[in-house]
Amino acid sequence: MTAYNIAIVVGSLREGSINKKIARSLCAMAHERLNCDIVPIGDLPLYNQDSDPNPPAQYTRFRDEIAAADGILFVTPEYNRGVPGVLKNAIDVGSRPYGKSVWEKKPAAIVSASPGMIGGFGANHQLRQACVFLNMPVMQHPEAYLGRVGDDSFTADGKLAEGPLKDIVLSLANAFADWVHVIHESRRLLAS
Ligand code: FNR
(Lines give C-alpha, C1' and ligand atoms only; values in the text may rest on other atoms or scores of the structure.)
Protein backbone atom coordinates (compact mmCIF):
# COMPACT_ATOMS: atom_id res chain seq x y z
CA MET A 1 0.00 0.00 0.00
CA THR A 2 1.24 3.50 -0.83
CA ALA A 3 2.32 5.60 2.17
CA TYR A 4 1.71 9.27 1.53
CA ASN A 5 3.96 12.07 2.76
CA ILE A 6 1.95 14.43 4.91
CA ALA A 7 3.01 17.89 6.03
CA ILE A 8 1.43 18.74 9.37
CA VAL A 9 0.94 22.41 10.08
CA VAL A 10 0.13 23.11 13.73
CA GLY A 11 -1.32 26.47 14.69
CA SER A 12 0.29 26.53 18.13
CA LEU A 13 3.93 27.23 19.00
CA ARG A 14 3.40 26.16 22.60
CA GLU A 15 5.74 23.44 23.85
CA GLY A 16 2.97 21.49 25.60
CA SER A 17 0.37 22.16 22.90
CA ILE A 18 -2.64 19.85 22.98
CA ASN A 19 -2.91 20.34 19.21
CA LYS A 20 0.65 19.11 18.67
CA LYS A 21 -0.13 16.05 20.78
CA ILE A 22 -3.30 15.36 18.77
CA ALA A 23 -1.33 15.73 15.53
CA ARG A 24 1.36 13.31 16.67
CA SER A 25 -1.17 10.78 17.92
CA LEU A 26 -3.20 10.91 14.72
CA CYS A 27 -0.09 10.26 12.64
CA ALA A 28 1.07 7.41 14.85
CA MET A 29 -2.32 5.75 14.40
CA ALA A 30 -2.02 5.86 10.59
CA HIS A 31 1.74 5.31 10.32
CA GLU A 32 1.39 2.49 7.78
CA ARG A 33 -0.42 4.80 5.36
CA LEU A 34 0.90 8.25 6.27
CA ASN A 35 4.47 9.48 6.75
CA CYS A 36 3.98 12.68 8.73
CA ASP A 37 6.30 15.54 9.56
CA ILE A 38 5.42 18.67 11.48
CA VAL A 39 6.57 21.59 9.34
CA PRO A 40 7.83 24.44 11.55
CA ILE A 41 6.09 27.80 11.10
CA GLY A 42 7.33 29.74 14.15
CA ASP A 43 10.41 31.05 12.35
CA LEU A 44 8.54 32.55 9.37
CA PRO A 45 8.86 36.35 9.28
CA LEU A 46 5.53 38.16 8.92
CA TYR A 47 4.57 38.03 5.28
CA ASN A 48 5.44 41.12 3.29
CA GLN A 49 4.64 41.11 -0.41
CA ASP A 50 7.72 43.22 -1.08
CA SER A 51 9.81 40.13 -0.34
CA ASP A 52 8.34 38.14 -3.27
CA PRO A 53 11.29 38.76 -5.65
CA ASN A 54 13.85 37.97 -2.94
CA PRO A 55 12.25 35.80 -0.25
CA PRO A 56 13.85 35.05 3.12
CA ALA A 57 15.40 31.61 3.46
CA GLN A 58 12.68 30.58 5.93
CA TYR A 59 9.99 31.14 3.28
CA THR A 60 11.86 29.03 0.75
CA ARG A 61 12.35 26.21 3.26
CA PHE A 62 8.67 26.27 4.20
CA ARG A 63 7.39 26.48 0.62
CA ASP A 64 9.66 23.59 -0.45
CA GLU A 65 8.44 21.37 2.40
CA ILE A 66 4.78 22.04 1.61
CA ALA A 67 5.32 21.60 -2.13
CA ALA A 68 6.92 18.18 -1.55
CA ALA A 69 3.98 16.86 0.50
CA ASP A 70 1.19 14.63 -0.85
CA GLY A 71 -1.28 16.11 1.63
CA ILE A 72 -1.64 18.64 4.41
CA LEU A 73 -2.99 18.11 7.90
CA PHE A 74 -3.85 21.30 9.75
CA VAL A 75 -4.24 20.91 13.50
CA THR A 76 -4.98 24.15 15.26
CA PRO A 77 -6.28 25.87 18.33
CA GLU A 78 -8.74 28.72 18.06
CA TYR A 79 -7.59 32.17 19.13
CA ASN A 80 -10.38 34.66 19.76
CA ARG A 81 -12.75 32.66 17.58
CA GLY A 82 -10.34 32.68 14.66
CA VAL A 83 -7.18 31.16 13.18
CA PRO A 84 -4.04 31.91 15.25
CA GLY A 85 -1.93 34.60 13.57
CA VAL A 86 1.09 32.35 13.23
CA LEU A 87 -0.93 29.87 11.15
CA LYS A 88 -2.55 32.55 9.00
CA ASN A 89 0.92 33.93 8.32
CA ALA A 90 2.10 30.49 7.19
CA ILE A 91 -0.92 30.17 4.89
CA ASP A 92 -0.14 33.55 3.35
CA VAL A 93 3.57 32.74 2.93
CA GLY A 94 2.71 29.48 1.13
CA SER A 95 0.18 31.17 -1.12
CA ARG A 96 2.59 33.58 -2.81
CA PRO A 97 4.13 34.73 -5.17
CA TYR A 98 0.87 34.98 -7.12
CA GLY A 99 0.34 31.92 -9.31
CA LYS A 100 2.92 29.85 -7.42
CA SER A 101 0.91 28.81 -4.35
CA VAL A 102 2.28 25.61 -2.84
CA TRP A 103 -1.18 24.79 -1.43
CA GLU A 104 -2.72 24.37 -4.89
CA LYS A 105 -4.73 21.10 -5.13
CA LYS A 106 -3.18 19.55 -1.99
CA PRO A 107 -5.65 17.24 -0.26
CA ALA A 108 -6.10 18.40 3.31
CA ALA A 109 -7.89 17.87 6.59
CA ILE A 110 -8.55 20.38 9.34
CA VAL A 111 -8.64 19.40 13.00
CA SER A 112 -9.17 21.89 15.80
CA ALA A 113 -8.84 21.15 19.49
CA SER A 114 -9.63 23.24 22.54
CA PRO A 115 -10.32 22.89 26.26
CA GLY A 116 -13.53 24.79 25.43
CA MET A 117 -16.79 23.12 24.51
CA ILE A 118 -17.05 24.04 20.83
CA GLY A 119 -13.66 22.65 19.91
CA GLY A 120 -12.29 25.54 17.87
CA PHE A 121 -15.20 25.52 15.41
CA GLY A 122 -14.59 29.18 14.49
CA ALA A 123 -10.92 28.67 13.64
CA ASN A 124 -11.69 25.43 11.83
CA HIS A 125 -14.21 27.08 9.52
CA GLN A 126 -12.14 30.21 8.99
CA LEU A 127 -9.37 27.93 7.81
CA ARG A 128 -11.79 26.07 5.53
CA GLN A 129 -12.68 29.41 3.96
CA ALA A 130 -9.01 30.04 3.12
CA CYS A 131 -8.70 26.50 1.71
CA VAL A 132 -11.58 27.17 -0.71
CA PHE A 133 -9.72 30.16 -2.09
CA LEU A 134 -6.48 28.15 -2.17
CA ASN A 135 -8.14 25.36 -4.22
CA MET A 136 -7.43 22.65 -1.67
CA PRO A 137 -9.77 19.65 -1.52
CA VAL A 138 -10.52 19.47 2.21
CA MET A 139 -11.98 16.36 3.83
CA GLN A 140 -15.59 17.10 4.81
CA HIS A 141 -16.32 14.28 7.20
CA PRO A 142 -15.81 13.37 9.93
CA GLU A 143 -15.78 16.98 11.11
CA ALA A 144 -13.15 17.49 13.77
CA TYR A 145 -13.97 20.06 16.43
CA LEU A 146 -12.40 18.39 19.43
CA GLY A 147 -13.79 20.01 22.58
CA ARG A 148 -12.92 19.60 26.23
CA VAL A 149 -9.38 18.49 25.44
CA GLY A 150 -6.94 19.03 28.29
CA ASP A 151 -3.74 17.68 29.74
CA ASP A 152 -5.75 14.81 31.24
CA SER A 153 -6.63 13.68 27.70
CA PHE A 154 -3.04 12.45 27.34
CA THR A 155 -0.72 10.03 29.08
CA ALA A 156 2.51 11.25 30.71
CA ASP A 157 4.42 10.53 27.49
CA GLY A 158 2.04 12.68 25.42
CA LYS A 159 -0.06 9.92 23.85
CA LEU A 160 -3.85 9.98 23.78
CA ALA A 161 -5.35 8.31 26.82
CA GLU A 162 -7.85 5.50 26.28
CA GLY A 163 -11.35 6.88 25.78
CA PRO A 164 -13.76 8.44 23.29
CA LEU A 165 -11.28 11.11 22.11
CA LYS A 166 -8.77 8.44 21.11
CA ASP A 167 -11.52 6.62 19.16
CA ILE A 168 -12.48 9.84 17.35
CA VAL A 169 -8.86 10.60 16.43
CA LEU A 170 -8.44 7.04 15.12
CA SER A 171 -11.47 7.46 12.87
CA LEU A 172 -10.05 10.81 11.67
CA ALA A 173 -6.69 9.18 10.91
CA ASN A 174 -8.33 6.46 8.80
CA ALA A 175 -10.65 8.88 7.03
CA PHE A 176 -7.80 11.24 6.18
CA ALA A 177 -5.61 8.41 4.84
CA ASP A 178 -8.58 7.31 2.67
CA TRP A 179 -9.16 10.89 1.52
CA VAL A 180 -5.57 11.45 0.41
CA HIS A 181 -5.60 8.10 -1.39
CA VAL A 182 -8.89 8.82 -3.19
CA ILE A 183 -7.67 12.21 -4.43
CA HIS A 184 -4.35 10.85 -5.69
CA GLU A 185 -5.87 7.72 -7.24
CA SER A 186 -8.56 9.69 -9.07
CA ARG A 187 -5.93 12.04 -10.47
CA ARG A 188 -3.82 9.08 -11.56
CA LEU A 189 -6.81 7.49 -13.33
CA LEU A 190 -7.76 10.76 -15.02
CA ALA A 191 -4.19 11.18 -16.27
CA SER A 192 -3.96 7.62 -17.65
C1 FNR B 1 -7.30 31.02 23.55
N2 FNR B 1 -8.13 29.94 23.79
C3 FNR B 1 -9.35 29.86 23.12
N4 FNR B 1 -10.09 28.69 23.14
C5 FNR B 1 -11.24 28.60 22.42
O6 FNR B 1 -11.88 27.55 22.42
N7 FNR B 1 -11.69 29.65 21.67
C8 FNR B 1 -11.01 30.84 21.61
O9 FNR B 1 -11.44 31.74 20.91
C10 FNR B 1 -9.81 30.96 22.36
N11 FNR B 1 -9.06 32.10 22.31
C12 FNR B 1 -7.79 32.11 22.81
C13 FNR B 1 -6.94 33.20 22.54
C14 FNR B 1 -5.63 33.17 22.96
C15 FNR B 1 -4.71 34.31 22.62
C16 FNR B 1 -5.14 32.07 23.69
C17 FNR B 1 -3.69 32.03 24.15
C18 FNR B 1 -5.97 31.03 23.99
C19 FNR B 1 -7.71 28.85 24.67
C20 FNR B 1 -6.99 27.78 23.87
O21 FNR B 1 -7.94 26.93 23.28
C22 FNR B 1 -6.07 26.98 24.78
O23 FNR B 1 -5.08 27.82 25.33
C24 FNR B 1 -5.42 25.82 24.04
O25 FNR B 1 -4.74 24.99 24.95
C26 FNR B 1 -4.46 26.31 22.98
O27 FNR B 1 -4.04 25.25 22.18
P28 FNR B 1 -2.61 24.54 22.36
O29 FNR B 1 -1.56 25.63 22.42
O30 FNR B 1 -2.67 23.78 23.65
O31 FNR B 1 -2.50 23.65 21.19
Side-chain angles (χ1 to χ4, degrees), residues 6-31 34-47 58 61-62 65-66 69 71-94 103 106 108-134 136 138-177:
I6 303 300
I8 306 180
V9 184
V10 178
S12 171
L13 305 181
R14 199 167 75 84
E15 192 61 33
S17 162
I18 56 173
N19 283 278
K20 271 188 208 157
K21 289 181 199 166
I22 297 273
R24 291 198 188 103
S25 295
L26 190 154
C27 290
M29 288 169 176
H31 70 276
L34 304 177
N35 293 321
C36 300
D37 273 318
I38 295 183
V39 177
I41 60 172
D43 62 334
L44 298 174
L46 285 178
Y47 178 68
Q58 298 96 318
R61 186 272 308 158
F62 178 74
E65 285 187 54
I66 297 297
I72 313 292
L73 175 64
F74 294 105
V75 188
T76 187
E78 175 177 82
Y79 279 3
N80 302 307
R81 294 284 180 260
V83 176
V86 69
L87 175 54
K88 182 60 167 62
N89 186 52
I91 300 269
D92 296 340
V93 168
W103 306 113
K106 299 279 182 195
I110 301 174
V111 176
S112 52
S114 167
M117 277 181 64
I118 56 176
F121 175 90
N124 191 305
H125 274 261
Q126 209 175 57
L127 193 48
R128 281 176 189 272
Q129 198 174 322
C131 290
V132 171
F133 183 69
L134 294 167
M136 301 176 78
V138 178
M139 184 174 81
Q140 303 297 307
H141 272 261
E143 295 173 282
Y145 323 114
L146 308 178
R148 295 208 179 279
V149 181
D151 289 337
D152 58 354
S153 307
F154 304 92
T155 58
D157 57 356
K159 298 191 173 120
L160 271 167
E162 293 303 323
L165 179 61
K166 186 173 178 182
D167 298 340
I168 290 169
V169 173
L170 177 60
S171 69
L172 286 170
N174 287 328
F176 181 49

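Both ligands and their constituent atoms are indexed starting at 1 by order of listing.
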Checklist entry - Is a side-chain N or O of Asn89 found less than 3.5 angstrom from the main chain of Tyr47, in a donor-acceptor match? => result yes
Checklist entry - Under the salt bridge (charged side-chain N to carboxylate O under 4.0 Å, His left out) rule, what pairs show up with a residue in residues 72-82, not counting sequence neighbours? => result Glu78-Arg81
Checklist outcome for this item: Pocket residues around ligand 1 (non-hydrogen, under 4.0 Å) come out as Ser12, Arg14, Ser17, Ile18, Asn19, Pro77, Glu78, Tyr79, Asn80, Arg81, Ser114, Pro115
Checklist entry - Please, which pairs that meet side chain to side chain donor-acceptor pair (under 3.5 Å) have at least one residue in residues 147-156, sequence neighbours excluded? => result Thr155-Asp157
Item to check | Whether Lys159 side chain and Phe154 backbone form a donor-acceptor pair below 3.5 Å | outcome: no
Item to check | Donor-acceptor contact present, side-chain Gln126 to main-chain Val83, <3.5 Å | outcome: yes
Next on the checklist: Please enumerate all residues that pass salt bridge (charged side-chain N to carboxylate O under 4.0 Å, His left out) together with Lys20, with sequence neighbours excluded.
Outcome noted: none
